[in-house]
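Worksheet for the structure shown next.
Numbering starts at 1 and runs along the sequence shown.
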Amino acid sequence: MNVILDYLLSLPSDIIFADISFTIMLIATVYFLTKYAKWKWLWSWITSTDHKKIGIMYLFVSFLFFIRAGIEALLIRMQLAFPNNEFWVFQGERFNQLTSTHGTVMIFLVATPLLIGLMNVIVPLQIGARDVAFPFMNSLSLWLFISGGILINASFVAGGSPNAGWTTYAPLASKEFTPGPGNSYYPIGLQVAGLGTIMGGINFIVTIIKMRAPGMRFMRMPLSTWSMFITSILIVYAFSALAVALLLLTFERLFGTVILSASEGNPLIWQHLFWIFGHPEVYIIALPAFGIFSDVISVFSKRKLFGYPSMVFAIILIGFLGFMVWVHHMFTVGLNTNITIFFALTTMLIAVPTGIKIFNWLFTMRGGRIRFDTPMLYALGFIFTFVIGGVTGVMLGTVPADYQYHDSYFVVAHLHYVIIGATIFGVFSGVYYWWPKMFGKKLNETLGKWNFWTFGIGFHITFFPMHVMGLMGMPRRVFTYPEGDGLGFLNFISTCGAFMMGIGVLFFMINIYITTRYTKKRVLNDPWFSRGRTLEWTIPSPPPAYNFARLPEVKSREPLWDAYERGNKNINFIGEYEDIHLPNSTSLPFFMGIGFLIASFGFVFEIWPVALSGMLIVFLMMSIRSFQQKNGIHLPKEKVRVQDMRGED
């Protein structure tokens with residue numbers, strides 16, 4: 001007992017608080033699962049290969065990481081609320097850990113997987129598919145993401161978090177300058193999570209190419225499906241570049257290689273590889289949001305999307321140009337003048353397809369009968385917010401001006417206007433829009449509007465003053481500033497806005513609880529006042545495991561809306577009922593994730609027997625998978641027909 005007490009007393013108070021909080025949450029979870037006999041229910045979700053359940057689990061886990069990173073953001077803002085402030089223990093090294101893990105978690109464990117989760121649910125429904133192409137790999141991608149996320153989040157209480165920034169530049173991130181396990185968590189954890197993301201990208205590419213319903217040509221796909229298709233291609237290429245960078249950094253820290261060192265090697269190798277990933281990543285998290293807004297704006301304006309071919313062209317062009325702008329993050333490193341001019345031009349050029357999309361959304365709304373439901377409010381808030389982020393992006397793409405803005409709070413403001421303005425606004429819009437499809441109940445509109453206004457106004461109060469702070473000379477990643485610089489008032493305003501955003505997230509959580517706990521009414525196939533246009537609104541809410549009892553007949557870009565125009569309640573489905581094959585549930589991806597997690601801890605702390613044992617678990621699960629003879633579940637057509645009849649409006 002004395003040993004444990006001495007150990008706790010030797011820890012900083014924030015780690016003790018984190019340990020106690022985690023223990024309480026774990027005990028509460030076990031208590032409620034036991035009290036309400038939900039262990040079997042939990043296991044059915046863990047072992048599921050249903051793309052809808054996997055998407056919901058992506059959303060749930062990513063939201064937990066969002067709360068964690070949001071708390072870190074509040075701690076950062078409390079430390080910076082006043083000049084020469086010393087809030088709790090968050091100065092110096094601890095502040096470096098806060099900013100590093102906040103950025104890492106938000107980019108890699110929140111923004112990307114939130115959108116992947118939402119699209120996991122919706123894309124197969126929108127293309128008329130009964131499943132994804134590779135259900136097993138889809139489940140494995142989820143558990144690899146969770147394993148990598150647990151590893152990075154556990155760093156705070158097990159050896160220290162990464163502290164070299166979310167970009168983890170070499171040589172600062174090498175063992176010479178940052179000893180200890182902290183910065184080893186970063187490359188190893190992201191390699192595991194990134195491998196799952198690459199698997200997800202491959203899965204979506206094959207699903208969209210090979211599993212579209214009869215008549216669903218490429219130029220008839222919804223914009224959200226188009227955006228996810230291009231995003232998946234970006235994921236495969238961009239995350240592969242990141243994997244190479246992370247592997248080099250891992251070897252640098254574990255085995256003493258010097259490829260990224262400042263003496264024998266070249267630290268710019270890391271910057272090039274990271275930003276070859278890093279700028280396409282902006283579009284990896286923005287393009288799915290663009291697709292969501294395209295669907296939402298069309299539905300709530302009750303008009304066809306203006307300029308569909310140009311919108312598709314803009315998505316493809318953004319994906320192509322996304323790999324040609326990465327050097328604008330490196331204008332201050334002293335590269336060749338011709339190189340900087342080229343990348344300055346491509347940075348400005350990529351604003352053109354984005355502008356096409358903005359104007360097409362505005363023209364879609366022009367003359368429409370607009371309903372200001374919560375999904376639409378977030379779409380409108382996005383347009384205003386993203387335009388500001390885009391304008392400041394062009395400013396940063398101007399080489400001489402970038403020398404002034406670089407590594408200042410102007411960049412922090414721009415980054416959050418783009419990331420939150422697209423990703424988080426997009427996720428909120430998509431969740432409110434598709435929640436009835438996922439769970440059969442609509443979220444409360446009053447609470448939804450409170451969520452939008454508090455979060456949206458709080459966002460601008462938080463980040464708009466940072467533009468001014470940056471122009472006044474406030475650098476990034478500093479935990480204090482002198483009183484005479486005139487930054488105190490702006491920082492205080494920014495901190496107030498951050499807490500207002502937190503209140504907005506609380507409204508969202510309350511909304512989910514009230515809807516789940518007290519709302520009894522089940523929605524129809526299309527709960528949005530018969531405004532739905534795409535195939536997901538043609539089937540029951542929530543959908544059955546097989547999605548479509550009969551394959552839909554697609555003859556236009558908006559088959560359901562065209563059916564409404566003809567006076568029909570639903571589209572036509574082709575063929576007769578038939579036996580449906582569904583994949584088996586399996587626990588192998590879950591145990592493979594555990595194996596990767598064990599191996600990763602072994603690599604982080606350089607305990608090779610632990611690393612080897614984790615990899616043995618992984619290879620054992622792979623071997624079992626190779627010899628499995630199960631052919632899945634077959635639902636007889638008569639059972640499918642009966643279920644379909646009961647599920648009709």
Side-chain angles (χ1 to χ4, degrees), residues 29 41-42 44-46 48-70 105-126 132 135 138-150 153 193 196-197 199-201 203-204 224 227-228 231-232 235 284-285 287-289 291-293 295-296 374-375 378 419-420 422-443 448 451 455 504-513 515-516 536 541-543 589-590 593:
T29 302
W41 168 84
L42 178 63
S44 70
W45 278 77
I46 288 174
S48 176
T49 53
D50 185 342
H51 69 91
K52 299 177 289 296
K53 287 187 175 182
I54 289 171
I56 290 169
M57 286 189 284
Y58 257 115
L59 290 169
F60 176 73
V61 176
S62 301
F63 186 74
L64 293 181
F65 290 148
F66 176 68
I67 297 299
R68 193 264 199 195
V105 171
M106 279 296 192
I107 294 294
F108 296 101
L109 304 180
V110 175
T112 305
L114 274 177
L115 290 163
I116 288 177
L118 207 52
M119 295 297 103
N120 224 312
V121 176
I122 299 305
V123 166
L125 302 181
Q126 287 197 331
V132 293
N138 200 30
S139 176
L140 180 57
S141 69
L142 167 71
W143 290 108
L144 290 179
F145 151 66
I146 292 175
S147 295
I150 290 174
N153 281 275
T197 305
M199 288 181 178
N203 201 2
F204 275 116
S224 50
S227 64
M228 195 61 208
T231 296
S232 299
I235 283 173
I284 286 171
I285 60 182
L287 285 180
I292 292 169
F293 294 130
D295 284 4
V296 167
T374 305
Y378 270 107
I419 301 299
I420 296 180
T423 307
I424 304 303
F425 276 54
V427 168
F428 274 129
S429 180
V431 166
Y432 277 99
Y433 179 51
W434 282 306
W435 189 274
K437 183 53 58 181
M438 290 188 283
F439 300 104
K441 301 177 181 180
K442 284 180 66 175
L443 289 170
N451 166 219
F455 186 86
V505 175
L506 282 176
F507 276 121
F508 177 68
M509 296 168 67
I510 293 169
N511 199 346
I512 290 177
Y513 174 76
T515 301
T516 305
E536 72 268 29
S541 304
F590 172 70

Problem set entry | Worked verdict on Lys442 versus Tyr432 for side chain to side chain contact (heavy atoms under 4.5 Å, CB included) | CA-CA 8 Å; Lys442 284 180 66 175; Tyr432 277 99; over 6 Å; no
Problem set entry | Point-to-point distance, once rounded to the nearest 0.5 Å, from CZ of Phe425 to CD1 of Ile292 | 13.5 Å
Exercise. To the nearest 0.5 Å, how far apart are CG in Asn153 and CD1 in Ile146?
Worked result: 12.0 Å
Exercise. Residues in salt bridge (charged side-chain N to carboxylate O under 4.0 Å, His left out) with Asp295, at least two apart?
Worked result: none
Exercise. If only atom types and distance count, is the side chain of Asn203 paired as donor or acceptor with the main-chain N or O of Met199 below 3.5 Å?
Worked result: no
Exercise. Hey, mind stepping through Phe293 and Ser224 against side chain to side chain contact (heavy atoms under 4.5 Å, CB included) and telling me if it holds?
Worked result: CA-CA 8 Å; Phe293 294 130; Ser224 50; over 6 Å; no
Exercise. Do the side chains of Trp45 and Ile56 get nearer than 4.5 Å, heavy atoms only?
Worked result: yes
For this session: Kindly indicate whether the side chain of Lys437, heavy atoms from C-beta on, has any atom under 4.5 Å from the side chain of Pro543.
Result: yes
Problem set entry | Stepwise side chain to side chain contact (heavy atoms under 4.5 Å, CB included) test for Phe65 and Met106 | CA-CA 8 Å; Phe65 290 148; Met106 279 296 192; over 6 Å; no
Exercise. Within the distance-only criterion (no hydrogens, no angle test), does the side chain of Ser139 pair as donor or acceptor with the backbone N or O of Pro135 below 3.5 angstrom?
Worked result: no
Problem set entry | Expected output: side-chain Thr423 to main-chain Ile419 donor-acceptor under 3.5 Å | yes
Problem set entry | For Ser232, all residues meeting side-chain hydrogen bond (donor to acceptor under 3.5 Å, both in side chains), sequence neighbours excluded | none
Problem set entry | Shortest non-hydrogen contact from Ala289 toward Gly426 | CB-CA, 4.2 Å
Residues 109-125, side-chain donor-acceptor partners within the protein, below 3.5 Å, at least two apart:
{"from": "Thr112", "atom 1": "OG1", "to": "Ile107", "atom 2": "O", "distance (Å)": "3.4"}
{"from": "Thr112", "atom 1": "OG1", "to": "Glu281", "atom 2": "OE2", "distance (Å)": "2.6"}
{"from": "Asn120", "atom 1": "OD1", "to": "Asn138", "atom 2": "ND2", "distance (Å)": "3.0"}
{"from": "Asn120", "atom 1": "ND2", "to": "Asn138", "atom 2": "OD1", "distance (Å)": "3.3"}

Seminar exercise, completed: Applying side-chain hydrogen bond (donor to acceptor under 3.5 Å, both in side chains) to Ser48 and not counting sequence neighbours gives none
Exercise. Is any side-chain heavy atom of Phe66 closer than 4.5 Å to a side-chain heavy atom of Ile424?
Worked result: yes
Exercise. Has the side chain of Asn451 got a donor or acceptor atom that lies under 3.5 Å from a matching backbone atom of Gly504?
Worked result: yes
Problem set entry | Min side-chain heavy-atom separation Ile512-Trp435 under 4.5 Å | yes
Problem set entry | Beyond-backbone contact of Trp143 with Ile46, side-chain heavy atoms, under 4.5 angstrom | yes
Exercise. So, Thr516 side chain and Tyr513 main chain: donor-acceptor pair closer than 3.5 Å or not?
Worked result: no
For this session: Evaluate the side-chain proximity of Pro288 to Met228: yes if any heavy-atom separation is below 4.5 Å, no if none is.
Result: yes
Problem set entry | Residues that Lys52 engages under side-chain hydrogen bond (donor to acceptor under 3.5 Å, both in side chains), provided they are two or more places apart | Asp50, Asn547
Seminar exercise, completed: Residues passing the ring-ring contact (aromatic ring centres under 6.0 Å, His included) test with Phe428, sequence neighbours excluded, are Tyr378, Phe455, Phe508
Seminar exercise, completed: Rounded to the nearest 0.5 Å, the CG atom of Leu443 sits from the OG1 atom of Thr515 at a distance of 4.5 Å
Exercise. Measuring from Ile235:CD1 to Ile285:CD1, what's the distance to the nearest 0.5 Å?
Worked result: 11.0 Å
Exercise. Would Tyr58 and Ser141 count as a side chain to side chain donor-acceptor pair (under 3.5 Å) if you check the C-alpha gap in whole Å, the side-chain angles of each, and the deciding distance to 0.1 Å?
Worked result: CA-CA 10 Å; Tyr58 257 115; Ser141 69; 3.3 Å; yes
For this session: Mark yes or no for whether Ser541, through its side chain, and Gly440, through its backbone, hold a donor-acceptor pair below 3.5 Å.
Result: no
Exercise. Considering only heavy atoms from C-beta outward, does the side chain of Phe204 approach that of Thr231 to under 4.5 Å?
Worked result: no
